[in-house]
There are 2 protein chains.
Amino acid sequence: MTTPSRVTIKDVAARAGVSKGAVSLAFNRKPGVSDATRDRIFEAARQLGWEPNPTARSLAGRRVDAVGLAICRPARLLGLEPFYMEFVSGVESVLTEHACSLLLRLVRTVEEEVGLQDSWWRGKHVSGSILVDFRADDPRAAAVRRLGIPVVAVGHPSLTGGLTSVWTDDASAVTEAVRYLAALGHVRIARVGGTAALGHTAIRTAAFDAAARALGLTGASQVATDFSGDVGARATRSLLAAPAADRPTAIVYDNDIMAVAGLSVAAEMGLSVPGDVSLLAWDDSQLCRLTHPTLSAMSHDVHGFGAEVARTLFGVITGDGGAGSHAVPTPVLTPRGSTAPPR
Amino acid sequence: MTTPSRVTIKDVAARAGVSKGAVSLAFNRKPGVSDATRDRIFEAARQLGWEPNPTARSLAGRRVDAVGLAICRPARLLGLEPFYMEFVSGVESVLTEHACSLLLRLVRTVEEEVGLQDSWWRGKHVSGSILVDFRADDPRAAAVRRLGIPVVAVGHPSLTGGLTSVWTDDASAVTEAVRYLAALGHVRIARVGGTAALGHTAIRTAAFDAAARALGLTGASQVATDFSGDVGARATRSLLAAPAADRPTAIVYDNDIMAVAGLSVAAEMGLSVPGDVSLLAWDDSQLCRLTHPTLSAMSHDVHGFGAEVARTLFGVITGDGGAGSHAVPTPVLTPRGSTAPPR
DNA sequence: AATAAGGACTTTACCGGTTTAGTAACGGCT
DNA sequence: AGCCGTTACTAAACCGGTAAAGTCCTTATT
């Protein structure tokens with residue numbers, strides 16, 4: 001455990017025969033150092049293998065090289081939600097270009113998240129944060145505004161309290177999903193939704209209602225879940241257990257996992273997909289192409305979504321551009337093998 | 001964007017009528033402050049809503065409240081790999097108890113990771129790191145030892161160069177998988193493996209070979225993939241396209257995703273599972289219970305694995321205990337609907 | 001020739017804590 | 001009374017940088 005003789009700016013300065021200040025100027029590409037000296041400094045730094053200590057740098061008031069993301073969902077559930085990992089990997093792909101890391105933390109409540117963001121920011125651990133999973137009356141918008149933290153909120157502008165936001169048009173997507181199924185001839189359409197407390201779930205629920213009413217679909221129904229495959233399976237089972245005359249002939253799911261679960265419930269109950277019941281997934285991770293039949297889905301580029309969020313955050317942090325709300329492309333219906341006209 | 005008047009240790013000291021030093025002592029529960037004063041200090045801090053600035057703290061030489069994890073796999077692939085997100089969520093669950101965050105970064109090469117770990121450590125951004133995905137002649141063990149970074153390596157002791165490690169006994173698990181299939185009567189068993197460059201893939205490959213030879217299975221064969229569903233599907237397709245007499249009657253996959261993909265390939269080729277071909281998945285995420293038929297799998301508690309890794313890391317960081325190598329329970333065969341005797 | 005204007009650095013003052021050395025006050029002991 | 005050992009604090013140095021305010025020297029301007 002021999003501490004490898006930490007080399008600091010002072011060593012570099014000594015070796016290059018200049019002051020600390022000169023080294024700092026050189027390394028931050030600021031004017032005030034001649035080319036010759038700059039070269040000498042860089043050479044000295046290279047020889048000693050020095051690079052500025054980020055902690056000291058951020059204490060002294062510079063930007064930090066990490067952004068925060070707190071996720072408020074049960075740890076065990078997250079593990080299987082393809083959305084998040086794909087979202088995170090999209091975020092990472094942009095951060096990496098900026099030599100920036102992601103500070104990730106699971107929290108239990110939004111209140112806990114507020115405290116965390118506060119301490120991350122005041123402790124200069126992050127130069128900005130990504131806020132996800134907005135719910136009704138979310139305290140985070142007010143909190144981060146009060147603290148002055150640069151953030152980008154993931155969610156519809158109506159939920160994110162005026163913060164710079166990036167969002168997908170869930171309402172339009174739900175409407176398209178319902179219209180598509182109705183166009184195939186389905187009348188009894190069900191929706192297996194996500195966690196009721198989440199704002200975007202509420203938006204989808206309202207949109208589903210509106211679309212069903214507009215199309216005069218009498219047998220439309222919705223249930224809420226927690227996004228897990230188990231609960232999704234249970235919901236599907238109870239929907240499909242109804243007498244054939246009442247049973248939905250099409251089900252829309254709020255994520256892929258539940259759709260996969262629904263597929264196997266149908267199989268287990270001896271119902272054919274899409275013959276007896278059509279299934280429509282959401283997010284369209286790779287999973288949808290790996291089942292049999294393949295799953296029709298509302299498809300969007302989650303990786304790209306994450307990347308866009310990260311790009312927007314950099315805009316907010318540097319102060320140039322980025323304010324306002326940015327819609328990313330609306331999920332588009334991708335018909336595959338799990339949807340067809342009802343029998 | 002009104003900066004909310006950062007409150008520092010000086011303010012607390014002033015308010016409590018003591019010096020900065022006293023506040024520091026009080027907050028670090030060190031002797032040298034009377035109970036009465038300590039209470040006054042805490043009260044002052046509470047009123048001002050102060051808590052020590054971690055950056056300043058770590059500059060001044062204290063421990064940091066984050067641990068690092070760099071993952072070296074293509075971003076798009078990670079998105080769907082249930083293993084990682086579940087592993088990470090297990091790690092998080094323990095970190096959270098210690099009010100510690102995870103610094104996550106995707107890297108392209110191990111060399112890049114070495115540089116990153118170096119800069120994280122020297123910059124006091126992390127108090128330790130988790131190292132995953134060891135490959136042959138991995139440079140990381142030597143590097144972190146040279147730098148004196150507290151780490152826990154995830155992988156078999158033969159791969160992790162003497163670092164404190166946590167590992168699952170892949171060899172035994174593979175052997176059990178092969179024995180199980182052989183016991184069912186299978187002779188032509190194939191394995192769709194992961195990325196060949198990874199150490200644990202090599203271990204499984206060797207173990208598969210050994211087990212097949214030991215059992216005198218003449219038709220055993222293996223292919224390498226990149227862990228993605230697409231490539232897994234392609235591998236399955238080419239295995240099953242062989243004439244019936246050569247075609248494997250059982251396939252072991254190195255993760256869940258590829259097994260799910262394999263299941264749908266079988267269906268698409270008109271082969272019944274487990275009638276014509278048995279499939280065995282690996283990791284056993286929730287996914288395996290969501291397919292039809294459900295997937296038999298080598299099952300282990302990935303979440304708990306991550307948690308154990310985090311606990312071990314804390315042991316290494318604090319210096320008490322933790323050295324050596326810790327095996328977590330070997331994946332255990334969980335038969336479900338996708339395996340049966342060959343026809 | 002006197003003066004202003006830059007350029008190239010150096011000095012010095014922080015950033016917000018921790019930590020060490022130093023001091024004053026108090027109690028116990030001989 | 002004198003000496004020692006604690007205890008409770010304070011003052012100041014330090015961590016490794018950044019940034020504002022000098023200093024000195026050269027060159028252009030009037």
Side-chain angles (χ1 to χ4, degrees), chain A residues 3-42 44-45 48-65 118-127, chain B residues 3-42 44-45 48-66 118-125 127:
Chain A
T3 305
S5 59
R6 295 182 165 284
V7 26
T8 78
I9 196 173
K10 213 186 301 181
D11 305 316
V12 177
R15 164 147 242 191
V18 295
S19 69
K20 295 199 312 175
V23 177
S24 177
L25 291 183
F27 258 77
N28 292 296
R29 343 197 147 276
K30 291 194 178 169
V33 219
S34 68
D35 290 354
T37 310
R38 185 190 306 274
D39 288 350
R40 261 205 349 274
I41 293 175
F42 277 125
L48 291 138
W50 177 81
E51 54 183 293
N53 177 328
T55 304
R57 215 176 214 187
S58 71
L59 216 211
R62 288 261 322 210
R63 184 158 297 119
V64 193
D65 55 355
D118 181 8
S119 109
W120 273 353
W121 175 245
R122 297 209 314 205
K124 289 197 181 148
H125 266 187
V126 299
S127 49
Chain B
T3 306
S5 60
R6 295 180 165 285
V7 26
T8 78
I9 196 174
K10 213 185 302 180
D11 305 317
V12 177
R15 164 148 240 190
V18 295
S19 69
K20 297 199 309 175
V23 177
S24 177
L25 291 183
F27 258 76
N28 293 296
R29 345 197 146 277
K30 292 196 177 168
V33 214
S34 67
D35 289 354
T37 311
R38 186 189 305 274
D39 288 351
R40 261 202 352 275
I41 292 175
F42 276 127
L48 286 104
W50 177 80
E51 55 182 294
N53 177 328
T55 305
R57 214 176 214 187
S58 71
L59 215 211
R62 289 263 321 210
R63 186 157 295 120
V64 194
D65 55 353
D118 181 8
S119 111
W120 274 352
W121 173 245
R122 298 208 316 204
K124 288 198 181 148
H125 266 190
S127 50

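Lettering of chains follows the sequences in order, A, B, ..., and the numbering in each one begins at 1.
Contact check for B:S24 versus B:I9: side-chain heavy atoms found under the 4.5 Å cut-off. Contact check for B:K20 versus B:V12: no side-chain heavy atoms found under the 4.5 Å cut-off.
Between the side chain of B:D11 and the backbone N or O of B:T8 there is at least one donor-acceptor pair closer than 3.5 Å.
In this structure, the CZ atom of A:R40 is 13 Å from the P atom of C:dA8, given to the nearest Å. To the nearest angstrom, C1' of C:dC15 lies 5 Å from CG of A:L59. The distance from atom NZ of B:K20 to atom P of C:dC15 is 9 Å, rounded to the nearest whole Å. To the nearest angstrom, C1' of D:dA8 lies 10 Å from CG of B:L25. Distance CD1 (B:I9) to P (D:dC9): 15 Å, rounded to an integer number of Å. In this entry the distance linking CG of A:L48 with P of D:dG16 reads 14 Å, nearest Å. In this entry the distance linking CG of A:D11 with C1' of D:dC15 reads 13 Å, nearest Å. Put simply, NZ on B:K30 is 16 Å from P on D:dA8, counting in whole angstrom units.
In this structure, the ring of B:W50 has its center less than 6.0 angstrom from the ring center of B:F27.
Side chain of A:T8, nearest nucleotide from C:dG16, C:dT10, D:dG17: D:dG17. Of the candidates D:dG16, D:dT18, C:dT19, the closest approach to any side-chain atom of B:S24 belongs to C:dT19.
The side chain of A:T37 places no N or O atom within less than 4.0 Å of a non-bridging phosphate oxygen (OP1 or OP2) of C:dA8. Between B:W50 and the phosphate of C:dG17, there is a side-chain N or O to OP1/OP2 separation shorter than 4.0 Å. An OP1 or OP2 oxygen of C:dG7 is reached within less than 4.0 angstrom by no side-chain nitrogen or oxygen of A:S34. For the pair B:N53 and C:dC15, the criterion of a side-chain N or O lying under 4.0 Å from OP1 or OP2 is not met.
Residue contacts shown for A:V18 are limited to sugar-phosphate atoms, with no base heavy atom under 4.0 Å away. Nucleic acid contact class of A:T55 (heavy atoms, under 4.0 Å, all strands): none.
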> Should A:R57 and A:N28 be marked as a side chain to side chain contact (heavy atoms under 4.5 Å, CB included) after you check the CA-CA gap, both sets of side-chain angles, and the distance that decides it?
Replying inline: CA-CA 11 Å; A:R57 215 176 214 187; A:N28 292 296; 3.0 Å; yes

